[in-house]
Amino acid sequence: MSDSSVAAPVWRDFPRTVLRGVGQVMFQDSMWTGLLFMIGIFWGAYAEGLGVVAWGALVGVVVSTLAGYFLKLPDDHGAQGLWGFNGVLVGCAFPTFMGNTVWMWLALILCAAMTTWVRTALNRVMSAWGVSSFTFPFVLSTWFFLLAARDMHGMPPAMESVPAFAAESMGSLDMSFGSLVVYWLKGISQVFLINNWVTGICFLVGLALCSRAAALWAAISSAVALLTIILWQGPAADIAEGLYGFSAVLTGIALGATFCNTGNWRTWVWALLGVVATVFIQAGMNAAFAPLGLATLTGPFCIGTWLFLIPGYKMFQPAGSK
């Protein structure tokens, strides 16, 4: 069989693989979910006047997927989109936090590719604990590049936070029903660093196409996170932008609809506890990272979900497994 005949199916399936990579950010192995996620990203990015973020997402997922082919990683991982989900987040993060320069784009390409082999390395280490690295390859790699931007003026940290101690005041928050709904939807859209409630709806619809349980847990988790941070009087500006929802949403989907027995009532309690804990983890990480001016990204989700999965209780078994 010729090399060209072997390569043909790869390139024919490439768009599907890329879109599945986008869907896998929320644990969904579906090109249609990924397509709706991309539509939501483009809508929200352009609505914010940051269309470059959408194009960054597309470049990131393509580059990280190509890196998987280049490294000849297991084909089943590629077919499921597991090479691409960290890369798409890198693509969203770089234009969000750094200036739009040629050097930023070159760094984005390098970092997106890097997440593919970093994921392999971290999964090898973490397999002994019975968990995967989730989005931590994106988090770890992006942290290094964001910190490097403080010294490398070719990718200026234009939108990164100014290093400072954590704010002490909550501020004024609009508590009308309409505003709370917007905050709730933004908690879902911020998974991809998009600050737009319409994008949140697109993400919920995309999740529902593949898994109604995942869509339900995304909705519940964002609401629980919003209630938690309001009750404990978190910063109003961050609440209004949904910045305490996105890690909790990922934790909720992971614990409630992906890695635990969805038919067990204990799963519901455990997942809700994980969601609430993730909000506190995020608040703690925000305070710790404020002097660095560094975003926590999806770090709180990774830490929170690991802490609730590593114990390996029987309720973690998917329904029907032994």
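What you see below is based on every heavy atom in this structure, not just the backbone, and it leaves out hydrogens, waters and symmetry mates. As the structure is a prediction and not an experimental result, all values here were calculated from the model.
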Met152 CE: over 12 foreign heavy atoms closer than 6.0 Å: no
Ser189 side chain vs Asn196 backbone, donor-acceptor pair below 3.5 Å: yes
Stepwise side-chain contact (heavy atoms from CB on, under 4.5 Å) check, Met26 with Phe192: CA-CA 10 Å; Met26 297 197 205; Phe192 287 88; 4.1 Å; yes
Side-chain heavy atoms of Val269 within contact of Trp265, under 4.5 Å: yes
Minimum side-chain heavy-atom gap Trp217-Trp268 below 4.5 Å: yes
Same apolar cluster: Met159 and Met98, side chain cutoff 4.5 Å: no
Hphob cluster co-occupancy, Ile229 + Phe177, side-chain heavy atoms under 4.5 angstrom: yes
Under 3.5 Å: donor-acceptor pair, side chain of Gln282, backbone of Phe246: no
side-chain contact (heavy atoms from CB on, under 4.5 Å) partner of Leu185, the single match among Val198, Leu204, Thr199: Leu204
Nearest non-hydrogen partners of Ser133 and Leu122, listed with the distance: CB-CB, 3.7 Å
Closest non-hydrogen atom pair, Trp55 against Trp105: C-CH2, 4.0 Å
Donor-acceptor under 3.5 Å (Glu241 side chain, Asn195 main chain): no
Within-4.5 Å side-chain heavy-atom neighbours: Met126 and Phe136: no
Point-to-point distance, once rounded to the nearest 0.5 Å, from CG of Leu19 to CG of Asp29: 11.5 Å
Any donor-acceptor pair under 3.5 Å from Asn123 side chain to Ser132 backbone: no
Check: Thr65 side chain, Val61 main-chain N or O, donor-acceptor pair, under 3.5 Å: yes
Arg20 CZ to Asp13 CG distance, which is reported to the nearest 0.5 Å: 8.5 Å
Aromatic contact, Phe259 with Phe134 (centres under 6.0 Å): yes
Non-hydrogen side-chain atoms of Leu173 and Tyr183 separated by less than 4.5 Å: yes
CH2 on Trp117 to CZ on Phe70, rounded to 0.5 Å: 8.5 Å
Note, Val25 side chain near Leu89 side chain (heavy atom, < 4.5 Å): yes
Minimal non-hydrogen separation, Ile310 against Val131, with atom names: CG1-CG1, 3.9 Å
Short side-chain to backbone donor-acceptor contact, Ser64 and Trp83, under 3.5 Å: yes
Tyr244 ring center within less than 6.0 Å of Trp232 ring center: no
Where Ser221 and Ala248 come nearest, the two heavy atoms and their spacing: CB-O, 3.5 Å
Heavy-atom pair with the smallest gap, counting every atom of Gly245 and Ala225: CA-CB, 4.1 Å
Test item: Ser222 side-chain N/O and Ala218 main-chain N/O as donor-acceptor pair under 3.5 Å: no
Interatomic distance, Gln28 atom CD to Leu207 atom CG [nearest 0.5 angstrom]: 5.5 Å
Trp43 atom CH2, over 12 foreign heavy atoms within 6.0 Å: no
Thr115 and Asn86: side chain donor to acceptor below 3.5 Å: no
Approximate separation, where rounding is to 0.5 Å, of Trp306 CH2 and Phe301 CZ: 8.5 Å
Ile281 and Thr296, any side-chain heavy atoms less than 4.5 Å apart: no
side-chain contact (heavy atoms from CB on, under 4.5 Å) between Trp129 and Leu309, intermediate numbers included: CA-CA 9 Å; Trp129 301 341; Leu309 283 181; over 6 Å; no
Any donor-acceptor N/O pair, Trp143 side chain to Ala295 backbone, under 3.5 Å: yes
Backbone N/O of Gly187 and side chain of Trp197: donor-acceptor pair under 3.5 Å: no
The single option from Thr142, Thr251, Thr135 passing side-chain hydrogen bond (donor to acceptor under 3.5 Å, both in side chains) against Thr298: Thr135
Joint hydrophobic cluster, Val52 plus Val62, side-chain heavy atoms closer than 4.5 Å: yes
Note, Ile303 side chain near Met285 side chain (heavy atom, < 4.5 Å): yes
Met175 with Trp184, same ILVMFWY side-chain cluster at under 4.5 Å: yes
Thr258 (side chain) donor-acceptor with Ile253 (main chain) under 3.5 angstrom: yes
Spacing of Thr116 atom OG1 and Leu66 atom CG [to the nearest 0.5 Å]: 9.0 Å
Stepwise side-chain contact (heavy atoms from CB on, under 4.5 Å) test for Val275 and Thr228: CA-CA 9 Å; Val275 168; Thr228 302; over 6 Å; no
Cluster overlap Leu110 with Trp103, hydrophobic side-chain contacts below 4.5 Å: no
Test side-chain contact (heavy atoms from CB on, under 4.5 Å) applied to Leu226 and Ile239, step by step: CA-CA 7 Å; Leu226 178 60; Ile239 294 172; 3.6 Å; yes
Contact summary for Val118 and Ser141, nearest pair of heavy atoms: CG2-OG, 4.0 Å
Within-4.5 Å side-chain heavy-atom neighbours: Phe138 and Val88: no
Arg212 atom CZ, neighbour heavy-atom count above 12 within 6.0 Å: no
